[in-house]
Amino acid sequence: MFTTRPELQGTFGMVSATHWLASAAGMAVLEAGGNAFDAACAAGFTLQVVEPHLNGPAGDLPVIFAGPGSETTVLCGQGPAPAGATIAHYRGLGFDLIPGSGPLAASVPGATSAWLTLLRDHGTKTLRDVLDAALGYAAGGIPVLPQIARSIGTVAPLFRSDWTTSAEVYLPGGAVPAAGSWLTNPALAGVWTRLITEAEAATSSREGQLEHALHAWSQGWIAEEIDAFAGTPWLDSSGERHAGVLTGADLAAWAPSYEAPATLEYDGWTVAKTGPWGQGPVLLQQLALLPQPGTPGTADFVHQVVEASKLAFADREAWYGDATDVPLQALLSAEYGAQRRALIGAHADLTLRPGLPGARLPQAVLTAGERADDTYDPTSSDPTVSRTGDEPRGDTCHVSVGDRWGNLVACTPSGGWLTSSPVIPALGFPLGTRLQMAWLEEGLPNSLRPGRRPRTTLSPSLALRDGRPALAFGTPGGDQQDQWQLGFLLNHLSGMNLQEAIDAPAFHSTHFPSSFYPREAHPGQLVVEERIGADVVAELRRRGHDVVVSSAWSLGRMCAVSQDGRGHLAAAANPRGMQGYAAGR
């Protein structure tokens, strides 16, 4: 099979990230004797600088990892709703949906605390070691990607008229930076320099320095700056000015947490995901519906996978959330999978059908199709512009790492995008807007509630073979993450190597409501890359799918690292967007 680049193979270490500079930063730490956790943190902090339109220090981060003799574990860096984030407060402001931008949509920032926690508990390198590359790029500049330039251009009028603190960083000289130019962030460089300097002055202990940095973030001077800024009114996606409800007390009251993953046995593999506070289990539900999906790339394969996705995502809408009564065991059971599989017919289904007795869809989901915009252009390669083309939207990054000691780590940082909220001038980064994923309707698993995590789309994956960690993978893409990952995994299990499985034509459904404001849906719509072939497209349309043909290399940004248990490592990265790369030896 043709591939855009070779699958990397080696024995020392592998890093696959959505930006080549992050892969290089992670690989440099491996070469310096660090382990997979050190490398993941170095790559993660670098991503905050080189992909500011896709993630930032005040964003979110789920991590899933495993190693020899250790259980598969999830580190949750998804911050919860602040104490003041009540349904009554937002309804009182006249909202039916939480705005998609501005400080009113900010949850407790989780990404930086999670990176520091991962490094403290599982890494071997110092704070200075892992921040070296990111600090250098923030101070010395990054090459502006076309996607970054387009994202800044989308919000440049807002930056000039209202979000002037963002203009100071992202409109140097008052102009949108050209693709290929260089962009610095002195304020962010100053934050990391101060963190390192103060931590090293406080103690010579590696763990102590990281504790010092965590304290500065959640209870010290960084938390104070966030507290002061979040309470300032700014223009948001409602077209009005609103202050946020996030406070320093919210930061001090929360810390990242470790938890067991959700898992499913499939074709001799154990696939592990985050819990239902995120959308992770929807990948497992799709697998449970697809014991024999057919030959990848065929019309029957695409039809079966998409119809299974519709059923699984309907359950996501009805059941998933940061709640104690999510019936996950029942949703992942073989019996339930068989019942749902029987609903897949020969033609595309145009309904949203959750299963299990008592399933309840939010009222806003029932009318989401009314907000669908027929001008949605899925052929756009820029993930930071919404389907409607007028609401800026951030996306996500990914990094997977494997080391010579048998550790595998998959991380999917997101949020805190340059388009999400105004930049905090003393810190050089904006707040996140993850609260937009919670509902302003009582009694749902994903209803807004103080202390509850909004249901996120961030969804790293790890798979085990015969009980050993074998595959770490993930992709940006919001609601499409667990559709593109499913296609990749099924491709790989059918015999394709990692790069072949990534390069194969991709597809996804936009049938169900988006997790992002304004929560639009496109019932029956199926987006496919044109490389899938005219005959396949024609057959899918005959089966009732509303097929939109996207450009040849436009869907997904998969990253993957594998190991075979004999010391052999492999890695691959997505060529789409021309920035993701794997590195290793």
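If you're wondering where the values come from, they're calculated on a predicted model, not measured in any experiment.
Here the CD atom belonging to Gln480 is positioned 12.0 Å from the CD atom belonging to Gln485, to the nearest 0.5 angstrom. Remark: Arg531 CZ to Ser551 OG distance equals 9.5 Å, nearest 0.5 Å. Here CG of Asp236 is found 11.5 Å from CD1 of Ile98. Values are rounded to the nearest 0.5 Å. Distance check, rounded to the nearest 0.5 Å: CG of Leu104 to OG of Ser238 gives 8.0 Å. Considering CD1 of Ile142 and CG of Leu21, their distance stands at 8.5 Å, rounded to 0.5 Å. From Leu145, atom CG reaches atom CG of Leu54 across 9.0 Å, with rounding to the nearest 0.5 Å.
Scored by the ring-ring contact (aromatic ring centres under 6.0 Å, His included) test, His303 finds His545 as partners (sequence neighbours excluded). Scored by the salt bridge (charged side-chain N to carboxylate O under 4.0 Å, His left out) test, Arg576 finds Glu529 as partners (sequence neighbours excluded). Residues satisfying the salt bridge (charged side-chain N to carboxylate O under 4.0 Å, His left out) criterion with Asp322, sequence neighbours excluded, are Arg453. In this structure, Trp269 has no ring-ring contact (aromatic ring centres under 6.0 Å, His included) partners at least two apart in sequence or on a different chain. Annotation: ring-ring contact (aromatic ring centres under 6.0 Å, His included) contacts of Phe37 (sequence neighbours excluded): Phe65, His122. Partners of Trp217 according to the ring-ring contact (aromatic ring centres under 6.0 Å, His included) rule, which considers only residues two or more places apart in sequence or in another chain, are Phe429. In this structure Arg455 satisfies the salt bridge (charged side-chain N to carboxylate O under 4.0 Å, His left out) test together with Glu317, sequence neighbours excluded. Residues forming a salt bridge (charged side-chain N to carboxylate O under 4.0 Å, His left out) with Asp96 (at least two apart in sequence, or on another chain): Arg91.
Side-chain contact, Trp277 with Glu259: a donor N or O sits under 3.5 Å from an acceptor N or O. Between Ser414 and Arg434, the side chains place a donor N or O and an acceptor N or O closer than 3.5 Å (distance only, hydrogens not considered). Judged purely by distance below 3.5 Å, without hydrogens or angles, the side chains of Thr18 and Glu51 pair a donor atom with an acceptor atom. Neither side chain, Ser420 nor Thr433, offers a donor N or O lying under 3.5 Å from an acceptor on the other. One side chain, Gln147 or Gln579, offers a donor N or O that lies under 3.5 Å from an acceptor on the other.
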Can you give me every donor-acceptor pair (side chain of residues 278-290, partner residue at least two apart or in another chain, under 3.5 Å) with its distance?
| residue | atom | partner | partner atom | Å |
| --- | --- | --- | --- | --- |
| Gln279 | OE1 | Arg316 | NH1 | 2.6 |
| Gln279 | NE2 | Thr457 | O | 3.3 |
| Gln279 | NE2 | Gly478 | O | 3.4 |
| Gln279 | NE2 | Asp482 | OD2 | 3.1 |
| Gln285 | OE1 | Tyr320 | OH | 2.7 |
| Gln285 | NE2 | Asp315 | OD2 | 3.0 |
| Gln286 | OE1 | Ser309 | OG | 2.5 |
| Gln286 | NE2 | Val282 | O | 3.1 |
| Gln286 | NE2 | Asp482 | O | 3.1 |

Considering only distance and modelled atom types, tabulate donor-acceptor pairs under 3.5 Å from the side chains of residues 73-81, sequence neighbours left out.
| residue | atom | partner | partner atom | Å |
| --- | --- | --- | --- | --- |
| Thr73 | OG1 | Glu71 | O | 3.0 |
| Gln78 | NE2 | Asp60 | OD1 | 3.4 |

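Side-chain atoms of Tyr90 and Val245, non-hydrogen and from C-beta on, do get closer than 4.5 Å to each other. A heavy-atom distance below 4.5 Å is found between the side chains of Ile226 and Leu251. Within the 4.5 Å cutoff, the side chain of Leu489 has no heavy atoms near those of the Asn491 side chain. Looking only at side-chain heavy atoms (C-beta outward), Met578 and Trp553 stay at 4.5 Å or farther from each other. Within the 4.5 Å cutoff, the side chain of Tyr170 has heavy atoms near those of the Val423 side chain. Using a 4.5 Å heavy-atom threshold, the side chains of Thr412 and Leu61 count as separate. Side-chain contact between Leu311 and Glu307 is absent, with no heavy atoms from C-beta onward closer than 4.5 Å. Using a 4.5 Å heavy-atom threshold, the side chains of Leu498 and Phe473 count as separate.
Within the 3.5 Å criterion, the main-chain N or O of Ser515 finds a donor-acceptor partner in the side chain of Asp479. Counting only distance, with no hydrogens or angles, the side chain of Ser23 and the backbone of Tyr581 share a donor-acceptor pair below 3.5 Å. In this structure, Ser113 contributes its side chain and Pro109 its backbone to no donor-acceptor pair below 3.5 Å. Without hydrogens or angle criteria, Gln436 side chain to Ser101 main chain gives no donor-acceptor distance under 3.5 Å. Proximity of a side-chain donor or acceptor of His398 to a complementary backbone N or O of Cys411 within less than 3.5 Å is detected. Side-chain atoms of Asp395 never come within 3.5 Å of backbone atoms of Pro476 as a donor-acceptor pair (strictly under, hydrogens ignored). Listed for the Lys273 side chain is a donor-acceptor partner under 3.5 Å among the backbone atoms of Ser459.
Every pair tested for salt bridge (Lys or Arg N to Asp or Glu O under 4.0 Å) that includes a residue from residues 275-284 fails, sequence neighbours excluded, so the list is empty. Residue pairs meeting the salt bridge (Lys or Arg N to Asp or Glu O under 4.0 Å) criterion with at least one partner in residues 439-449, sequence neighbours excluded, are Arg360-Glu441.
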### side-chain contact (heavy atoms from CB on, under 4.5 Å) evaluation trace for Gln483 with Phe313
CA-CA 10 Å; Gln483 297 187 73; Phe313 276 87; 3.8 Å; yes
### Message
Run Phe45 and Thr112 through side-chain contact (heavy atoms from CB on, under 4.5 Å) and show every step you take.
### Response
CA-CA 8 Å; Phe45 281 116; Thr112 295; 4.3 Å; yes
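Annotation: His89 is not in aromatic contact with Phe95 [ring centroid separation under 6.0 Å not met].
Ring orientation note: the planes of Phe301 and Phe507 are nearly perpendicular, at an angle over 60° on the 30°/60° scale.
Cation-pi geometry between Arg557 and Trp484 is not met: the NZ or CZ atom fails to fall both under 6.0 Å from the ring centre and inside 45° of the normal.
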